[in-house]
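Note sheet for the following structure.
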Amino acid sequence: MSAAVPELEPLVLDGVVGHPAEFADRYRREGYWTDQTFPEMLFETIGRVPDDTALIADGRRISYAELGERVLRLAGGFRARGIGRGDRVVVQLPNVADYVPLVFALFELGAIPVLALAAHDRNEIAHFVDLAEARAYVTVESHDGTDLAALAAEIGASSPSVAHTVVLSRAGGGADLEELLAHEPLAHERRSLPSDVAFLQLSGGTTGTSKLIPHTHEGYLGSMREAVRVGGTTASSVQLVVLPMPHSFAMRSPGFLGALHVGATVVLAPDPSPDTAFALIERHRVTETALVPPLALLWLNSSLRAETDLSSLAVVRVGGAKFGVEAARRIRTELGATLQQSYGMAEGLHTFTGLDEDEETVTTRQGRPTSAADEILIVDEADRPVPPGSPGHLLTRGPATVRGYYRTPEHDATVFTEDGYYRVGDLVQQDERGYLTVVGRAKDQINRGGEKIAPEEVENHLLAHPAVHDASVVGVPDDALGERTKAYVVPRPAADPATLTLAGTRSFLRERGLAAYKLPDLVEVVEQFPSTVAGKVSKRAQRAKKD
Ligand code: J2J
């Protein structure tokens, strides 16, 4: 008889605010949270459909059994490097085949991946490494011209916490990965509890530095299962992932986690262009995908549509930013697919329109919450409920939504109410059936075609420019992206404003290690900023000003 596995104690991670016991009990009792961890979810599927295709990426086809084998080998490799339960590991990868096995290897160990975007640069990565006191950093040689191998070397040498770096070659693979794979595979067993923090997800953010969101196994898998239910993903689905995999829309709405949960096939697109995506859809008979509105428009307007067989595409989910009604109608008429709008936030709540809904609802609403336990309040400036159907600020709490960010108690005090509601920062209205329409945004955040930018972060960097006296960054309307980024700068008295060109400003920010998607699209040098009656910078006036 084998020795009994000792009972695990809950993981203690400082700087994490959990759900109060009465709420956690309710979510478990009502079945939203179950007794399952991420690796247990995956290995359950592997046990059910070992020979089915789990992943198609980089020209490779990986079965569920092979995926499991790879996860356990990589877990053996990480363990040999001393990575274990509770250790934070910054993972910064594009959509490559080894994304899923690497992240699940860390889950298997109970280690906590910090899921960065491939588009991030030195500034963001250094911040995540410091904040999370990461023990390891996993990345690729380079991405979109950013030399990440050099960054890994720099971080490996300078960070007091980072003991290991793993650098994949540009399209995945490479010597570091082979080294990890060379170890004895671990046996799959419970090394973390469903109530443990499983990973740290990025928040779009509104303030100077990005926040990390601590999601537990039970909370995140719960929200994924609800999305699978309303999204209709089944074992015969073939899901194309075009959005960055660390994004919560791509991950759990229902995302690749939902697909792995039901035993579907996940196809990874190395880039979201119609060229690449349409060929994959035709070749692998893709049935579902998730897009941000500018991508949906790009696909709709592509001449390649006529030349490719997209008839397998049954469901197209669109979210991340407001999708216009006219474009929304075209998903059915021109792509021949059912549109499922989704509104959500990495902090937790996600909403969907139903698959068999009437045209009016599907094209004008952003969906309704997935579970009856998701609590929604729509309030005025003083937190008083607005009359039903009127627009107001969205507050929410529930089984999917966290109660605080990682290690930011002061910030939490401003964005969570005393009752634990998250102040989303969006203006919404709700119809009598519970459907939400997003009508505006109250938070200081730019939504550049689904990519979220905290103006304050960019402003802080601009203020370090020797010729800048003051800076204000806003989102201005843009036909293709919804919004693009405009920086207003007031030069220093003796400065030569000629240094403050768009190109000059962008290269200055780039040299400071800021991700490319956060760079301003427009720069305007002004003598002073417009002000509100209260004497603050009027960002509203700056947003409305014509070029
Ligand atoms: C208008 N604004 C939207 C929509 C998000 C599913 C879907 C999206 C996200 C996401 C997500 C919008 N219409 N349909 O995590 O699981 C804006 C809002 C929101 C912010 C959150 C998911 N869908 N938004 O986009 O954390 O302003 O999550 O508060 O990236 O995007 O952004 P993010």
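Computed over heavy atoms, backbone and side chain alike; hydrogens, waters and symmetry mates excluded. Whatever order the structure lists them in is the order used to number ligands and atoms, beginning at 1.
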- Query: Do E483 and R441 meet the salt-bridge criterion of a basic N to acidic O distance under 4.0 Å?
  - Reply: yes
- Query: What pairs meet the ring pair (Phe, Tyr, Trp, His ring centres under 6.0 Å) rule with one or both residues in residues 334-355, with sequence neighbours excluded?
  - Reply: H350-F352
- Proximity of F128 and Y137 rings by center, below 6.0 Å: no
- Item | Residues which pass salt bridge (Lys or Arg N to Asp or Glu O under 4.0 Å) with R368, listed by chain and number, not counting sequence neighbours | none
- Query: What pairs with E456 under salt bridge (Lys or Arg N to Asp or Glu O under 4.0 Å), at least two apart in sequence or on another chain?
  - Reply: none
- Step through the shown structure and confirm whether more than 12 heavy atoms of other residues, nucleotides or ligands are within 6.0 Å of CG on D271. yes
Close N/O pairs between ligand 1 and protein, under 3.5 Å:
| unit_1 | atom_1 | unit_2 | atom_2 | d |
| --- | --- | --- | --- | --- |
| ligand 1 | 13 (N) | A321 | O | 3.4 |
| ligand 1 | 13 (N) | K322 | N | 3.4 |
| ligand 1 | 14 (N) | S342 | O | 2.8 |
| ligand 1 | 15 (O) | S248 | OG | 2.3 |
| ligand 1 | 15 (O) | M345 | N | 3.4 |
| ligand 1 | 15 (O) | A346 | N | 3.4 |
| ligand 1 | 16 (O) | S248 | OG | 3.2 |
| ligand 1 | 16 (O) | R252 | NE | 3.3 |
| ligand 1 | 16 (O) | R252 | NH2 | 2.8 |
| ligand 1 | 16 (O) | S253 | OG | 2.7 |
| ligand 1 | 23 (N) | G320 | N | 3.0 |
| ligand 1 | 24 (N) | G320 | O | 3.4 |
| ligand 1 | 25 (O) | K452 | NZ | 3.0 |
| ligand 1 | 26 (O) | A346 | N | 2.8 |
| ligand 1 | 27 (O) | D426 | OD1 | 2.7 |
| ligand 1 | 27 (O) | D426 | OD2 | 3.2 |
| ligand 1 | 28 (O) | G344 | O | 3.3 |
| ligand 1 | 29 (O) | D426 | OD2 | 2.6 |
| ligand 1 | 29 (O) | K443 | NZ | 2.8 |
| ligand 1 | 30 (O) | H247 | NE2 | 2.9 |
| ligand 1 | 30 (O) | K452 | NZ | 2.9 |
| ligand 1 | 31 (O) | K452 | NZ | 3.3 |
| ligand 1 | 32 (O) | K452 | NZ | 2.9 |

